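Let me begin by presenting the structure, written as structure tokens, before commenting on it.
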2 protein chains.
Amino acid sequence: MTDRSHPAGKPIRTAITDEDGIDFAIIELFFFAYRDFTSDPDQILSDYGFGRAHHRVLHFVNRRPGLTVAELLDVLKITKQSLARVLKQLIDTDHIVQLQGPRDRRQRELYPTAKGRALALALARPQSRRIHAALEDAGATERTLIERFLEAMVNPELRAQIDIVPAKTSGKSHGDH
Amino acid sequence: MTDRSHPAGKPIRTAITDEDGIDFAIIELFFFAYRDFTSDPDQILSDYGFGRAHHRVLHFVNRRPGLTVAELLDVLKITKQSLARVLKQLIDTDHIVQLQGPRDRRQRELYPTAKGRALALALARPQSRRIHAALEDAGATERTLIERFLEAMVNPELRAQIDIVPAKTSGKSHGDH
DNA sequence: AAATTACGTCAACAGTACTGACATAATTTC
DNA sequence: GAAATTATGTCAGTACTGTTGACGTAATTT
């Protein structure tokens, strides 16, 4: 691997750092944090033969019961075909049911069953525990700060999707959008 | 879809909320934030025929020049085979070079080339811009808070990997590990 | 000399994403 | 009312990233 037939570039031996004007520290932390954040539910899901995609569908159907297929596609930002497989499995295993739209009978409103709700909660539990642990010695102020940071990381056009959800007890309304 | 041959569960029409004792707000924000966080580099990578896996390899080789294949596998937590494919491509395209380990000649030390460093920077730039924008009206205190939160989200056993990296100018040392 | 380690590679497979095309039923538009 | 559009479902084919298990080679350690 030292003798190469083509003119290979010379090795750079110095590390890239934040000095280059780039936030490598947070970039890297975000990677590690998200990886571990998803690892707990992934573990549980494999018992069901499900993957991360099933989790996401289950999550949003529980968060916004009655949302249509089109709305779900828009939230997840995936294609119809990608959704079709996992949604079908979740329906076949009785985690989600479809109801014909009341106004528009072409639409399928998606609702969790008791089974689907239970699984959604089971998957969210370790994630919530992890979040609580991370915020252990943090007050409400810090918590709000984290939420604002994460929300600010989302593309502005898509932030509307986030606020669709029923307000929390403590109220997360910071502004009036 | 309304007539089913098996006894389907009844639809639950109420949304899951934070009242269930679970941090759904942050769980969801984390999903959206990470999705958009990775979307910018994904865009650039597709021009090279690369994927997210290439980005991660490139990132860590730039962050820890000279790390061995075994170390990289340990950081990424993927299998040898998963790494092999993308690493080979990065070497073939002259983004990364391998040098025989000085002490142990079985080892391959991985270094970025100028080309590899440039790509790593190009990929990190939009991510860093996004982070800066999200922290726009936040001070150094908030920044440290975000870092601590993200670090606390990582599995404790793995936190050591994070601190391998050269210290930042401002110093992120909170403690003396 | 034998066992172990670091790395590379091969075959086979799974999960999740993509594109593009086509079909059906329901709604909207002209 | 006929035509266009919309919501959904489905099919075929493909790409990327991950997995397991097996095998080979060179280098190091025991």
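Letters A, B, ... mirror the listed sequences (proteins, then strands); counts begin at 1. This is a predicted model, so every value here is computed, not measured.
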According to the ring pair (Phe, Tyr, Trp, His ring centres under 6.0 Å) rule, which pairs have a member within residues 130-156 of chain A, sequence neighbours left out?
->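 Listed by first then second residue: nothing to list.
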Spacing of [X] atom [atom1] relative to [N] atom [atom2], expressed in whole Å:
| X | N | atom1 | atom2 | value |
| --- | --- | --- | --- | --- |
| A:Leu73 | D:dA7 | CG | C1' | 10 Å |
| B:Leu76 | D:dC16 | CG | P | 19 Å |
| B:Glu71 | C:dT5 | CD | P | 16 Å |
| A:Gln107 | D:dG9 | CD | P | 11 Å |
| B:His55 | D:dT17 | NE2 | C1' | 16 Å |
| B:Leu87 | C:dA6 | CG | P | 17 Å |
| A:Asp74 | D:dT8 | CG | P | 12 Å |
| B:Leu72 | C:dA6 | CG | P | 15 Å |

Tell me yes or no: between the side chains of B:Ser82 and B:Thr79, is some donor less than 3.5 Å from an acceptor?
->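 Their side chains do contain a donor-acceptor pair, which is all the 3.5 Å distance test asks for.
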Distance-only side-chain donor-acceptor flag, B:Arg130 / A:Asn155, under 3.5 Å |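 Yes, because at least one side-chain N or O of B:Arg130 sits under 3.5 Å from a partner of the opposite role on A:Asn155.
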Can you tell which of A:Thr68, A:Leu99, A:Val69 makes a side-chain contact (heavy atoms from CB on, under 4.5 Å) with A:Gln107?
->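 Option passing the side-chain contact (heavy atoms from CB on, under 4.5 Å) with A:Gln107: A:Thr68.
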Under the criterion salt bridge (charged side-chain N to carboxylate O under 4.0 Å, His left out), which of A:Arg143, A:Arg125, A:Arg129 is the partner of B:Asp23?
->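 Between B:Asp23 and the candidates, salt bridge (charged side-chain N to carboxylate O under 4.0 Å, His left out) is satisfied uniquely by A:Arg143.
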Which residues in residues 115-125 of chain A have at least one heavy atom lying under 4.0 Å from any atom of DNA chain D?
->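 Those residues whose heavy atoms fall under 4.0 Å from DNA chain D, taken from residues 115-125 of chain A, amount to none.
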Of A:Phe31, A:Phe30, A:Tyr34, which is the lone residue that meets ring-ring contact (aromatic ring centres under 6.0 Å, His included) with B:Phe37?
->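 Of the listed options, the one satisfying the test is A:Phe30.
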Is there a side-chain polar atom (N or O) of B:Gln98 under 4.0 Å from OP1 or OP2 of C:dG8?
->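 Answer is yes, contact under 4.0 Å.
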Residues that, via side-chain heavy atoms closer than 4.5 angstrom, fall in one hydrophobic cluster with A:Leu145 |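 Members other than A:Leu145 - counting any ILVMFWY side chain reachable under 4.5 Å - are B:Leu145.
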Aromatic ring proximity, centroids under 6.0 angstrom, A:Phe32 and B:Phe60 |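 Yes.
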Taking the six-membered ring for Trp, are the ring centroids of A:Phe50 and A:His95 within less than 6.0 Å of each other?
->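 Distance test on ring centres: under 6.0 Å, yes.
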Readout for nucleotides 16-21 of chain C: B = base within 4.0 Å of protein heavy atom, S = sugar-phosphate only, - = neither; 5' to 3' it is BBBB--
Which side chain to side chain donor-acceptor pair (under 3.5 Å) pairs, counting each pair once, include a residue from residues 109-124 of chain B, with sequence neighbours left out?
->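 Side chain to side chain donor-acceptor pair (under 3.5 Å) check on residues 109-124 of chain B returns A:Arg13-B:Tyr111, B:Asn62-B:Arg117, B:Glu109-B:Tyr111.
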What pair of heavy atoms forms the shortest contact from A:Ala33 to B:Met153, and how long is it?
->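 Heavy atoms of A:Ala33 and B:Met153 come nearest at CB-CB, 3.9 Å.
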Which protein N or O atoms sit under 3.5 Å from an N or O of nucleotides 27-30 of chain C?
unit_1 : atom_1 : unit_2   : atom_2 : d
C:dT27 : OP1    : A:Arg103 : O      : 3.4
C:dT27 : OP1    : A:Arg105 : N      : 3.1

